[in-house]
J.: 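Before anything else, here's the structure in question.
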Number of protein chains: 2
Amino acid sequence: MTKLPSLKNLSYLLALHQHQHFNRAAQACHVSQSTLSSGIQNLEEQLACQLIERDHKSFLFTAMGEEIVEQARTILTSAEELVNFSLSQGKQMEGPLRLGCIPTIAPFLLGALSKLIQRDYPKLQLHLCEDTTTNLMNQLRNGELDVVLLALPVDLQGNQAYVLGRDPFKLVVHKSQAAALKEPVNYGLLPDHSLFLLEREHCLSGHAVNACEMADSVKINPFTATSLHSLVQMADARQGATFLPQLAIDRGILNDTDLVALRPSGREASREIGLVYRATTTRRQTFRKLAEAIATLLPVPTLR
Amino acid sequence: MTKLPSLKNLSYLLALHQHQHFNRAAQACHVSQSTLSSGIQNLEEQLACQLIERDHKSFLFTAMGEEIVEQARTILTSAEELVNFSLSQGKQMEGPLRLGCIPTIAPFLLGALSKLIQRDYPKLQLHLCEDTTTNLMNQLRNGELDVVLLALPVDLQGNQAYVLGRDPFKLVVHKSQAAALKEPVNYGLLPDHSLFLLEREHCLSGHAVNACEMADSVKINPFTATSLHSLVQMADARQGATFLPQLAIDRGILNDTDLVALRPSGREASREIGLVYRATTTRRQTFRKLAEAIATLLPVPTLR
DNA sequence: GTTGATGCATTGATAATTTCGATTATCATA
DNA sequence: TATGATAATCGAAATTATCAATGCATCAAC
């Protein structure tokens with residue numbers, strides 16, 4: 001059998017790749033710069049190939065280095081999964097679980113989820129993290145997260161997902177305009193520029209626009225908000241309209257406003273909520289149970 | 001970050017699992033018995049769980065131990081792939097490649113393949129191994145083999161495969177009977193018990209019987225052979241018939257016999273040849289090129 | 001230019017870990 | 001009750017990892 005590199009050195013390599021800086025990487029690993037430096041050299045020697053090109057002041061990962069980093073990443077996450085698995089004694093619902101969630105779901109679900117987990121699986125330590133879909137997917141890939149809760153469809157990039165349920169979109173309008181409308185709402189009746197959406201990059205905008213088949217409508221107000229809460233504030237103050245997921249409405253986002261929720265026209269005006277995990281995971285059973293728990297909290301649960 | 005177990009200790013665990021004996025496992029790892037013993041204890045301490053139940057004379061892996069072994073296996077094979085990858089400088093067609101093959105393909109293909117590889121990819125060191133489908137799949141899973149060449153369909157058990165081509169079955173009969181038959185052959189014209197097949201467990205028997213839609217026919221002779229070559233000997237000596245893959249016939253297995261090959265009736269009288277590899281591999285490109293090379297040697301190449 | 005700051009490599013002493021051989025403990029069995 | 005087989009334990013020796021300090025090259029500021 002050939003001599004294998006140590007996991008420690010591989011983790012040094014990953015840290016260096018992440019920080020692109022020996023000192024900061026060393027700090028992140030809680031070792032001195034010289035330790036990390038020699039660890040990397042050690043690796044290069046064992047693997048008999050150059051991983052980084054040195055430039056005395058700076059350095060650059062070689063193509064090989066990048067490739068090795070990718071492979072090392074999966075090895076290290078597997079190893080971490082192994083210790084987590086054993087530390088939790090193989091019990092599926094024990095030990096730490098790092099869950100990422102997008103901002104248009106998190107505030108309306110994680111509170112209830114946290115309570116539910118606390119009640120049903122008190123030994124499961126849920127660590128939560130709120131970020132954009134892109135960032136969450138990166139963190140999942142890097143092993144910084146175990147599972148990610150987000151709106152589908154999304155490019156799974158080789159990961160796998162459980163579909164937990166469906167979250168219908170509602171058209172939310174000011175009381176003063178609601179009288180003139182009847183369900184399902186015909187968008188043509190809305191004043192021009194009266195529809196507020198999240199910033200374009202935000203996945204919810206895309207989902208809502210697609211779901212309601214109204215891309216580039218003249219109805220959309222060019223101002224864009226960055227959170228559902230500010231969206232509500234805008235619509236309320238300017239007597240406009242917006243789309244909100246049922247989930248947010250159920251959790252009282254419209255309380256203390258003069259807004260009412262109406263059913264929009266267009267088929268399938270909804271988003272799907274999915275739980276994404278690495279294909280290489282060993283914790284499918286855990287994620288499955290978590291998925292079941294989350295599904296019970298959704299407007300239209302449809303676990304598969 | 002939690003403290004990770006060392007790859008070395010994990011490999012000790014795997015060796016112990018394989019040999020079920022401390023001394024022999026230690027020898028296999030080229031370390032002393034005490035080293036291996038304390039390595040295992042170390043693991044148990046780090047993972048905070050009992051991996052083996054000791055019985056003073058003997059021992060038994062716990063359920064957790066078995067599970068950890070499985071996970072450790074994938075980690076170690078990934079690590080080994082990493083060093084192989086780097087040692088071959090990322091060149092796809094360099095370094096060692098361990099190929100397993102079933103006995104009804106190996107003798108008719110590996111010679112030509114070996115020659116082809118030697119010519120086109122001289123730096124690829126092909127290690128060959130001939131065994132049954134079941135054993136090959138186990139060795140693939142254990143990381144003892146990199147790829148396996150066999151007849152499809154087969155339970156992939158989470159592995160992946162390239163389909164390389166199709167190998168038609170021919171009905172091989174003695175000259176003295178050939179005159180009475182015309183293609184495609186109607187089995188009813190064969191004398192009872194005149195058809196020789198490989199032993200029942202052998203995948204080729206199943207493939208041939210299925211392909212020609214003649215399960216449990218009274219035509220089948222209860223005597224079964226263990227290799228295609230002895231099958232040919234039987235049919236030749238006893239003036240019977242048998243099924244042979246085109247591949248074997250192309251390589252001259254009927255030379256110096258009084259047998260002739262005829263096209264059997266029944267649609268799709270053929271087997272598919274596939275190249276199977278672990279889903280977690282990092283060498284898909286290598287396997288792809290190998291697949292292309294092998295496909296050119298098959299009677300009906302259909303790479304996908 | 002000179003100076004100071006930055007960033008990685010090197011060095012040599014020290015600490016930690018690994019490994020081995022020898023020994024011990026336990027059990028089965030002859 | 002010896003004997004042999006097996007795994008755990010122990011202590012010394014070898015190996016390896018780590019750190020603080022230093023070296024060396026580069027760059028920016030003046």
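In the text below, chain A, chain B and the rest are named by the order of the sequence lines, each starting its count at 1.
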J.: Counting heavy atoms from C-beta on, name the nucleotide in D:dA7, D:dA17, C:dC20 closest to the side chain of B:Phe59.
T.: D:dA7

J.: Near DNA chain D, under 4.0 Å by heavy atom, which residues of residues 61-73 of chain B?
T.: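 Here the set is empty: none.
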
J.: Report the distance from atom CG of A:Leu51 to atom P of C:dC8, rounded to the nearest whole Å.
T.: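 Taking CG of A:Leu51 and P of C:dC8, I get 16 Å after rounding.
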
J.: Grab the two heavy atoms, one from A:Gln46 and one from A:Ser6, that are nearest each other, plus how far apart they are.
T.: OE1-N, 4.3 Å

J.: From CZ of A:Phe22 over to C1' of D:dG23, roughly how many Å is that when rounded to an integer?
T.: 16 Å

J.: Starting the side chain at C-beta, find the nucleotide from D:dT18, C:dC20, C:dT18 nearest to A:Lys8.
T.: D:dT18

J.: Report yes or no: does B:Gln71 contribute a side-chain atom to a donor-acceptor pair with the main-chain N or O of A:Val83 at less than 3.5 Å?
T.: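 No: the side chain of B:Gln71 does not pair with the backbone of A:Val83.
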
J.: What is the distance from CD of A:Gln20 to P of C:dC8, rounded to the nearest Å?
T.: 10 Å

J.: Per the atom types in the model, does the base of C:dG21 pair as donor or acceptor with the side chain of B:Ser34 at under 3.5 Å?
T.: yes

J.: In whole angstrom, give the distance that lies between atom NE2 of B:His30 and atom C1' of C:dT18.
T.: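 Atom-to-atom, B:His30 to C:dT18, this comes out as 17 Å.
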
J.: To the nearest Å, give me how far apart NE2 (B:His21) and P (D:dA8) are.
T.: 12 Å

J.: Between atom CD in A:Gln27 and atom P in C:dT6, what is the gap in whole Å?
T.: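 The answer, rounded to whole Å, is 13 Å.
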
J.: Starting from C1' on D:dT9, measure out to CD on B:Gln33 and report it in whole angstrom.
T.: 10 Å

J.: Quick one: side chains of residues 124-132 of chain B, donor-acceptor pairs under 3.5 Å with protein atoms, not counting sequence neighbours, listed by atom name and distance.
T.:
from	atom 1	to	atom 2	distance (Å)
B:Asp131	OD1	B:Asn135	ND2	2.9
B:Thr132	OG1	B:Asn135	N	3.3
B:Thr132	OG1	B:Asn135	ND2	3.3

J.: Would you kindly give the CG-to-P distance between A:Leu36 and C:dA9, to the nearest whole Å?
T.: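 Between P of C:dA9 and CG of A:Leu36: 9 Å.
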
J.: Whether B:Tyr12 contacts C:dT18 is assessed here as follows: a side-chain N or O lying under 4.0 Å from the phosphate OP1 or OP2. Is that the case?
T.: no

J.: Between A:Arg284 and A:Gln160, is there a side-chain donor-acceptor contact under 3.5 Å, judged purely by atom types and distance?
T.: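 Yes, a side-chain donor-acceptor pair sits under 3.5 Å.
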
J.: Considering only side-chain heavy atoms of B:Ser32, which listed nucleotide, D:dA20, C:dC20, D:dA8, is closest?
T.: C:dC20

J.: Of the options D:dC19, C:dA9, C:dG7, whose atoms approach the side-chain atoms of A:Gln41 most closely?
T.: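 Nearest nucleotide to the side chain: C:dA9.
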
